[in-house]
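Input: a single structure, listed below in structure tokens.
Heavy-atom basis, side chains included; hydrogens, waters and symmetry copies ignored.
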Amino acid sequence: MRSRTRRISTRITHAILEGNDAETGQKRQSACVQLPRSMVNFFSLWRLELMLLRSNEFLALRRGVWHLDDDAYEQSFRTQHDNPPHTSEDERPAPSLVPLGNLGYSGSTFFKTSDGKFLIKSLDRHFEHQFFMHELLTPYIIHMWENPDSLLVRVTDLLCVPYPTLGGLLGIEPTHHVVMENLLYGLDVDSDTARYETYDLKPNDYFFPERDIANGRLAPQSVKDRLVDRFPDRIRVSQQATEELLALLSTDTEFLADSNVLDYSFFLVRYARSRESHFDVFNPFSTQTSSAERQTNSWRTGVVSSDGQWVYRAILLDFFWARHKLRAKAMAGLVATFNTWAGYGPMTITTEPSEYRARFMRMVKKLVAQAG
């Protein structure tokens, strides 16, 4: 397993640092070169070649909207020591990515950069990466340009294997990865000061088979505990911060509903106010901007609670499940058939996008309590 994660992380960093774009590389090669190479690459099981997809558009977003410095961004993916020339991949220093394992139901694997600024998530499920690459990516880029304060997680790069491979088809190695901001940047520096809480929140009034069938006796408690996270308090902030949060989420969820997206979540981080004075340094998207620009991104960089005890950060995550794709339609049919006699109602992945958005916004409104 260690060699596998090292191999994947090496491929990721190589693609980002070399700037190899899949579309540009294919255009430069003639058909007589592409065909033999594709045939040879198809039988690859390991060491799949990753390339950037639409790298120029992501570069423009990083520069023009998020004000990320090019050198600082690349530095996050470099090792502490330059690789000596003419060394094999196995002889080189360990890559700058730290494996985090499997953090969800999708089977995705996660890495973070050694400086903690960025996360890399594999998109292992075919319907997810195909939807994001071919349907949502262009609207997402436009939305982020038009709404620079958006709380959608900031995807800074997209990597893929630009040709079919046996290793990819068999699921031996992931073929698609997204690079995105890490909202926990700076909060897990050391165990003495890293006192923070995270919550991955979705509406909990949907049908969850593991929880609702046979009173949950069909699934172990460890599975049920991961179904729907619950925030055991209220988000106590000022009226201005409340209005800002609801306005941003209203715009973002309208965009997701118009794109037929379901099952996204509200990722909330809470940590003690004693760390608040450091959050400008800790957020990778704040160091390149002015104080005025940072203020408009306050929910991303940190909002202080009304009682002064807590700081909150929040973004929207996991917008890869589309209602109109075959997988979602099949699941909707199965749930509808089951509910002809069970009557539980829809799941988060089988409801209508507008209905999910309405319940999602009601959930957030219940969470937020204004000062005074």
Side-chain angles (χ1 to χ4, degrees), residues 1-29 33-34 37-59 61-62 70 73-79 83 87-90 92-102 106-114 117-134 136-137 141 154-182 320:
M1 182 62 68
R2 182 177 178 182
S3 62
R4 178 179 182 271
T5 56
R6 178 189 177 97
R7 184 170 62 245
I8 295 172
S9 62
T10 298
R11 295 295 179 182
I12 292 172
T13 55
H14 181 268
I16 291 175
L17 296 178
E18 294 297 322
N20 295 329
D21 186 270
E23 295 170 328
T24 303
Q26 289 178 346
K27 289 177 180 178
R28 288 176 179 173
Q29 293 180 353
V33 173
Q34 287 187 33
R37 183 177 181 183
S38 298
M39 293 178 64
V40 171
N41 288 332
F42 174 78
F43 292 99
S44 299
L45 294 176
W46 301 280
R47 304 183 187 278
L48 305 184
E49 183 183 15
L50 289 168
M51 291 188 176
L52 300 174
L53 187 68
R54 299 174 67 170
S55 58
N56 288 335
E57 292 171 81
F58 281 111
L59 176 62
L61 270 178
R62 295 197 303 267
D70 295 348
Y73 180 69
E74 290 188 1
Q75 189 61 38
S76 294
F77 296 88
R78 295 186 185 279
T79 57
N83 292 332
T87 57
S88 67
E89 186 174 291
D90 292 334
R92 294 176 183 176
S96 60
L97 303 184
V98 180
L100 300 178
N102 185 339
S106 65
S108 297
T109 54
F110 288 80
F111 295 88
K112 71 174 180 179
T113 55
S114 58
K117 291 182 179 181
F118 301 97
L119 292 175
I120 299 90
K121 174 185 178 180
S122 68
L123 297 181
D124 295 337
R125 299 192 290 198
H126 181 269
F127 68 92
E128 288 188 333
H129 63 68
Q130 288 298 304
F131 168 67
F132 184 63
M133 285 173 54
H134 300 298
L136 189 63
L137 184 52
I141 292 173
R154 290 174 172 175
V155 176
T156 58
D157 261 317
L158 174 61
L159 301 95
C160 68
V161 178
Y163 41 76
T165 65
L166 196 57
L169 294 173
L170 295 176
I172 296 175
E173 287 197 0
T175 57
H176 296 76
H177 303 264
V178 288
V179 183
M180 54 191 178
E181 64 184 307
N182 181 13
F320 303 116

Working for side-chain contact (heavy atoms from CB on, under 4.5 Å), residues Y73 and L59
CA-CA 10 Å; Y73 180 69; L59 176 62; over 6 Å; no
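- For the pair D124 (side chain) and P174 (backbone), a donor-acceptor distance under 3.5 Å is absent.
- Listed by chain and residue number, nothing satisfies the ring pair (Phe, Tyr, Trp, His ring centres under 6.0 Å) test with H177 (two or more places apart in sequence, or in another chain).
- The distance from the CD1 atom of I16 to the OG atom of S55 is 11.0 Å, given to the nearest 0.5 Å.
- Distance check, rounded to the nearest 0.5 Å: CZ of R125 to CZ of F320 gives 10.5 Å.
- No salt bridge links D70 with R62; every basic N to acidic carboxylate O contact stays at or beyond 4.0 Å.
- The aromatic ring centroids of F111 and F118 lie 6.0 Å or more from each other.
- With sequence neighbours excluded, the residues satisfying side chain to side chain contact (heavy atoms under 4.5 Å, CB included) with I141 are R54, E57, L61, L137, W145.
- In this structure, S76 and K117 approach most closely via the heavy-atom pair OG-CD, 3.6 Å.
- The structure places OG1 of T5 at 15.0 Å from CZ of F110, a figure rounded to the nearest 0.5 Å.
- Of all heavy-atom pairs between T156 and M180, the closest is OG1-N, 4.2 Å.
- Here the straight-line distance linking atom CG of L52 with atom CG of L158 works out to 8.5 Å at 0.5 Å rounding.
- With a 4.5 Å cut-off on side-chain heavy atoms, V161 and L50 count as touching.
- For the atom pair CD (E128) and NE2 (H176), the distance works out to 12.0 Å, reported to the nearest 0.5 Å.
- A donor-acceptor pair under 3.5 Å is formed between the side chain of S9 and the backbone N or O of R6.
- In this structure, the side chains of K112 and L100 come closer than 4.5 Å at one or more pairs of heavy atoms.
- Checked against ring pair (Phe, Tyr, Trp, His ring centres under 6.0 Å), F58 has no partners two or more places apart in sequence or in another chain.
- For the pair V179 and L159, the minimum side-chain heavy-atom distance is below 4.5 Å.
- Annotation: side-chain hydrogen bond (donor to acceptor under 3.5 Å, both in side chains) contacts of Q75 (sequence neighbours excluded): none.
- The minimum heavy-atom distance linking T109 with S122 is given by the pair N-OG, 2.9 Å.
- Residues T113 and L97 form a side-chain contact, since some pair of their non-hydrogen atoms from C-beta on lies under 4.5 Å apart.
- With hydrogens and angles disregarded, a donor-acceptor distance shorter than 3.5 Å links the side chain of E181 to the backbone of R154.
- Taking CZ of F131 as the reference point, atom CG of L123 lies at 12.0 Å (rounded to 0.5 Å).
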